[in-house]
Amino acid sequence: MASATAIKELQRDLETQANVLSKIQKDISKNHQVRKQYTIQLGENELVLKELDLLKEDANVYKLIGPVLVKQDLAEARGNVGKRIEYISAELKRLEGTLQDLEDKQNSKKESIFKLRQKMETIQAGKS
Amino acid sequence: MTGGEVKGTVTPFDSVYSPAAVREAAAKVHDSIADHQKDLARVQGFFSDNTNLINLVQRLPDELSHDIMVPFGGAAFFPGKLIHTNEFLVLLGEGYYADRTARQTVEILKRRGKSLESQVESLKAKMMNLEAEARFFDSTATDAAEGLVEIMEDYVEEPNKCKPESSMTPGLPVADLEKDSNVASISDNARTSTADDEYAQIMAMLDEREKEELDHENASDTNKELGEFETEAPAEDDSSSDEEEIVEAATRSSTSPHSLNNKGNEIFQKNKLENPLQDSNHEKSGKPIGGNLQQYVVEQSQNSSGNAGKQTSQTGFSARRSFTGSIIEHDDANLPKSSSNQSTTSNPAKPVSRFKMQKGNR
């Protein structure tokens, strides 16, 4: 019957929509995690910059690159850390934008799923 | 609800806050509290490590060199010396190290300690919020499980009806609260809830008092009648009468006219309890006493029961009075006091004719 096929189609649609929704939700949670990570790194880098600023100009600064401690210039170290901070903040902002998009998509998907369900229910009610 | 028109909705807590969902939410909050506690423990561990390190760094420069056992490989040590005791390579973070003296190292460590402390504080604050949330959820869950019902009614002024409205009473069916009187709508849930609590208490106290009075003054028929007499509640807020006072007065078989006023109020108040929705403005202290009962009765029937809202104040302060059972003659001079305000009465549940107190009947 036409209504039976219609119901089957609707169910298929519902499944696909549900899959898409779960993917979006996974993306959102990943986004959260990455954002948390970045926030921690940002905090640490700010601390390092503060300490570097407190150092006298002739102090020795070393950077751990793999198993090697390499002597670094204080000014250079300050510059590097500053740039890293900027990079991390930019990444955070980008992630926030993505998060917003994902959330919007999630909401719209939820609504469409809801509507689909309602349609299914009315058809089934009509049939029975 | 029975009786007059019922306006309003009854919403069981279960529907508004389904117990299962509330319990789930409570469980989630508990979980997050546990997580935060773990974090808190971790950060506190860091803080204590930091303090130990500060102490060590402060002690090292005391000697030119220290004799130590140097770890060698995974499971071996060899004896050695710790030299350059004032020079430290301090990790600043993110793979950056700096050469510092002992004192400078200590300063760096202290700054780190401060940031750790602030982290601890914020974690603790978050945990307090979560705990408050958890408590709320738990209490809501238990309330919903008990079948707490929220009853909302519109406040409608009905001249000829008054009936105590139900309020939020856990477990009590609504009908229980409407036993005696006519229906009136209560506008204020909060007030009715307190009113009902007090109402229940007052009814219990009234029962006791009635028994006492019956024992004390069997001779006086009017005692019973007064007890049953439903009068408008004299709602004056004078707290002149205490229950003890009333009981004492009751035991005194004859009362002076002076005390009559109080008693009159009390009597009315007791009766008022049976009609919780009396208008608080009514003062009928002197009326029934002294034989103006008939007039009073007439007035009573004329009056329309008020709106339960005032009941709260009445029940509240009528709780302090009880029916003394002693009726004292009152001359008409006292009447004006009582009739000052408009009266609201509930249709007396007991027939007015039962009230036999008449002048000189005492």
Side-chain angles (χ1 to χ4, degrees), chain A residues 25-26 28-92 106 110 114, chain B residues 21 28 31-32 35-36 38-47 49-50 53-54 57 61 71-74 83-123 125-126 130:
Chain A
Q25 280 174 332
K26 272 194 222 136
I28 286 184
S29 63
K30 235 188 0 168
N31 193 305
H32 272 300
Q33 263 190 318
V34 176
R35 240 169 22 114
K36 235 198 317 188
Q37 188 74 2
Y38 273 142
T39 321
I40 295 177
Q41 277 188 346
L42 184 68
E44 196 173 338
N45 272 292
E46 279 177 357
L47 258 183
V48 174
L49 192 61
K50 243 197 294 177
E51 290 289 347
L52 283 177
D53 290 337
L54 281 171
L55 286 178
K56 270 201 338 191
E57 288 309 320
D58 58 358
N60 298 332
V61 176
Y62 305 87
K63 176 136 173 100
L64 187 68
I65 302 180
V68 181
L69 253 189
V70 178
K71 191 157 158 43
Q72 282 232 319
D73 186 24
L74 182 59
E76 198 182 329
R78 283 189 189 145
N80 285 346
V81 174
K83 277 201 211 117
R84 203 166 148 74
I85 287 180
E86 284 173 23
Y87 171 73
I88 294 181
S89 342
E91 277 290 307
L92 267 181
Q106 185 196 49
K110 276 192 191 154
F114 185 63
Chain B
K28 265 190 240 160
D31 285 344
S32 77
D35 285 342
H36 276 89
K38 267 191 251 160
D39 284 343
L40 189 70
R42 211 166 42 96
V43 177
Q44 274 170 335
F46 289 164
F47 187 68
D49 285 346
N50 203 32
L53 193 57
I54 288 180
V57 168
F72 193 61
I83 56 175
H84 294 289
T85 50
N86 203 28
E87 297 166 29
F88 292 87
L89 197 61
V90 187
L91 172 70
L92 304 177
E94 283 290 307
Y96 280 95
Y97 291 79
D99 273 334
R100 301 261 84 197
T101 68
R103 207 161 353 127
Q104 292 160 335
T105 314
V106 165
E107 282 172 16
I108 293 179
L109 289 176
K110 282 202 180 137
R111 281 192 287 261
R112 252 186 239 168
K114 266 197 227 145
S115 79
L116 281 177
E117 256 185 65
S118 67
Q119 271 185 46
V120 167
E121 292 299 316
S122 74
L123 269 181
K126 266 194 233 167
L130 284 176

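Below, chains carry the letters A, B, ... as their sequence lines are ordered, and counting in each starts from 1.
The shortest non-hydrogen separation linking Leu55(A) to Ala98(B) is CD1-CB, 3.8 Å.
No more than 12 heavy atoms of other residues, nucleotides or ligands sit less than 6.0 Å from atom NZ of Lys36(A). For Lys50(A), the NZ atom counts as loosely surrounded, since its 6.0 Å shell holds 12 or fewer non-hydrogen atoms of other residues, nucleotides or ligands. For CZ of Arg111(B), the number of neighbouring non-hydrogen atoms (other residues, nucleotides, ligands) closer than 6.0 Å is greater than 12.
Of the possible donor and acceptor atoms, none in the side chain of Glu94(B) sits under 3.5 Å from a partner among the backbone N and O of Glu44(A).
Using a 4.5 Å cut-off between heavy atoms, Leu89(B) touches chain A through its side chain atoms alone. Only the side chain of Leu69(A) comes within contact range of chain B, with at least one heavy atom under 4.5 Å from a heavy atom of that chain.
The CD atom of Gln104(B) lies 7.5 Å from the NZ atom of Lys56(A); values are rounded to the nearest 0.5 Å. Annotation: the span from Tyr96(B) atom OH to Leu47(A) atom CG amounts to 14.5 Å, rounded to 0.5 Å.
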